[in-house]
Protein chains: 2
Amino acid sequence: MEIWKEFEHNEITHSAAHYLMTINKLIDDLGYARVSDVARSLSITPGSASIMLKSLKEKGFLVEDKNRFLRLSEPGDRLAHSIKSHRHIMITFFRDVLHINPEQAEIDACKIEHLISTETGEHLLWFLQFLMCGDEHAKAFLERYWASKDKLCNLTSCPVCDKAGECLLVQLEPHEDGLTD
Amino acid sequence: MEIWKEFEHNEITHSAAHYLMTINKLIDDLGYARVSDVARSLSITPGSASIMLKSLKEKGFLVEDKNRFLRLSEPGDRLAHSIKSHRHIMITFFRDVLHINPEQAEIDACKIEHLISTETGEHLLWFLQFLMCGDEHAKAFLERYWASKDKLCNLTSCPVCDKAGECLLVQLEPHEDGLTD
DNA sequence: AATAAATGTTTGGCTACCCAAACTTTCTGT
DNA sequence: ACAGAAAGTTTGGGTAGCCAAACATTTATT
């Protein structure tokens, strides 16, 4: 399978992920979650919710008791938790490290939270932990990065090789005196 | 509009983005791009390609000459270039900074390349530029990060507050002695 | 020029997800 | 108990994108 077709092959769709997360949120906030509560919370019609929730039940992500109260199954809860974690990690990185405006950070994180792999989520978490847990080198790096950010944002030539003109992206290729790992 | 519904509201869909990028690639490689070339290159049927390419023409992202050769319009090319840039930035960050395995880095980058905002793409580029352009603090930070990564990966308690047990994610909340920006 | 091959388009069917509206079931208050 | 409200489901329609297969057109070969 070509890489670009992997886009359709995820553990769960964006929409379904939000159904699951909403059920947990409703149980936290209201104490229960029924079809109509989920529909209201997501601003979709009860008809759409009914169909999607039926399919999520059939897939084993949630269960319904005799009184039509919904709750997540163990796999459903694991999935919802994983996606919430990814969102939290992405928002933190975008907002607190990159200094992207918080609204945009939330939007971008929400779009990709269900798409990034467990591996990428974990590595990002470790990276953030190191960045934010008081290590002197991390502190110094971040301070210097933020301080030089405004200058960097206006760069039209590479700060290392000083070549101008071309797309700034070429600067991501390793330089002789840069870090190549 | 709630944030979660923004997922559907992008400049271009994942599929359409790859049609555009494929046309540029074909013109580079073959010198031209026709409907069937695009279909072959993307491993989809000519029928599907015909329909999608018609809609991309109608949207003004590409043009077709009298001999049915396709090329991107200015807006189409701008979009394709932006998405390729995002992919390049994400792959570089995932692979060369986070040390995610290259295949997974490519898959994840491909899934999100068309979803991240211009703002997020730019900030990530600046971050990478600072990380990779030879600054001493960046070098020291990366070396120390990579060196401590194995230890960090196995953490079950926070290296700052030393609290164990809970989800590691809580460690992303700012600590008293950590960096809070 | 005539046939064969390559190319392009249309049609009907599928999945996913949404809406509106009709319909059914269950709960609630008098 | 029974009417009305609330909750849940079904049906028909729409978008996006894929496939298979039939059909139409264009290009190439003899």
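Here the structure is a predicted model, which means the values were calculated and not measured. Letters A, B, ... mirror the listed sequences (proteins, then strands); counts begin at 1. Because only heavy atoms are used, hydrogens play no part in the values below, and waters and symmetry mates are left out as well, while side chains stay in.
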**Fill in**
Testing dG8(C), dT10(C), dC17(C) for proximity to the side chain of S15(A), the answer is dC17(C)
**Asked** For DNA chain D, whose closest nucleotide is more 5', that of G47(A) or that of A16(B)?
**Response** G47(A)
**Prompt:** Should we say atom NZ of K25(A) is surrounded by more than 12 heavy atoms from elsewhere, each under 6.0 Å from it?
**Reply:** no
**Asked** Given side chains that start at C-beta, do those of V63(B) and K57(B) come closer than 4.5 Å, heavy atoms only?
**Response** no
**Prompt:** With nearest nucleotides of DNA chain D determined for K59(B) and P46(B) from heavy-atom distances, which residue corresponds to the more 5′ nucleotide?
**Reply:** K59(B)
**Message:** Taking only side-chain N and O atoms of S36(A), does any of them lie within less than 4.0 angstrom of OP1 or OP2 on dG8(D)?
**Reply:** yes
**Request:** Ignoring the backbone of I44(A), work out which of dC19(C), dA16(D), dC19(D) is nearest its side chain.
**Result:** dC19(C)
**Asked** Which whole-number value in Å describes the distance from E8(B) CD to dA16(C) P?
**Response** 14 Å
**Prompt:** Between atom CE in M52(A) and atom P in dT15(C), what is the gap in whole Å?
**Reply:** 15 Å
**T118(B) side chain near E122(B) side chain, heavy-atom distance below 4.5 Å** = yes
**Request:** Please state how far atom CG in D65(A) lies from atom P in dG8(D), giving the value in whole angstrom units.
**Result:** 11 Å
**Prompt:** Given atom CZ of F61(B) and atom P of dA16(D), what is their separation to the nearest angstrom?
**Reply:** 12 Å
**Prompt:** Are the ring centres of F141(A) and H137(B) closer than 6.0 Å?
**Reply:** no
**Message:** Side chain of R68(A), heavy atoms from C-beta onward: which of dT26(C), dT26(D), dC19(C) has the nearest atom to it?
**Reply:** dT26(C)
**Asked** Side chain of I51(A): nearest nucleotide among dT11(D), dG8(D), dT7(C)?
**Response** dT11(D)
**Request:** Look at the side-chain N and O atoms of Y19(B) and state whether any lies under 4.0 Å from the OP1 or OP2 oxygen of dC18(D).
**Result:** yes
**Request:** Measure from the side-chain heavy atoms of T45(B) and tell me the nearest of dA20(D), dC18(C), dC18(D).
**Result:** dA20(D)
**Request:** Measure up the Y19(A) and W4(B) rings against each other and bin them: parallel (under 30°), tilted (30 to 60°), perpendicular (over 60°).
**Result:** perpendicular
**Request:** Measure from CG on L56(B) to C1' on dG8(C) and round the result to the nearest Å.
**Result:** 16 Å
**Asked** Whole Å only: how far is the CG atom of N67(A) from the C1' atom of dG8(D)?
**Response** 14 Å
**Item:** Whole-Å distance separating the CZ atom of R40(B) from the P atom of dG8(C)
**Value:** 8 Å
**Asked** Whole-Å distance between dA7(D) C1' and R34(A) CZ?
**Response** 7 Å
**Asked** When all nucleic acid strands are considered with a 4.0 Å heavy-atom cut-off, which category describes S48(A): base, sugar-phosphate, or nothing?
**Response** base
**Item:** Among dC19(D), dG17(D), dT10(D), the one nearest S50(A) by side-chain distance
**Value:** dT10(D)
**S55(A) side-chain N/O to dA16(C) phosphate OP1/OP2 under 4.0 Å** = no
**Message:** F127(A) and ring pair (Phe, Tyr, Trp, His ring centres under 6.0 Å): which single residue from W146(B), Y145(B), F94(B) fits?
**Reply:** Y145(B)
**Message:** If you compare every side-chain N and O of K54(B) against the phosphate oxygens of dT10(C) (OP1, OP2), does one of them come in below 4.0 Å?
**Reply:** yes
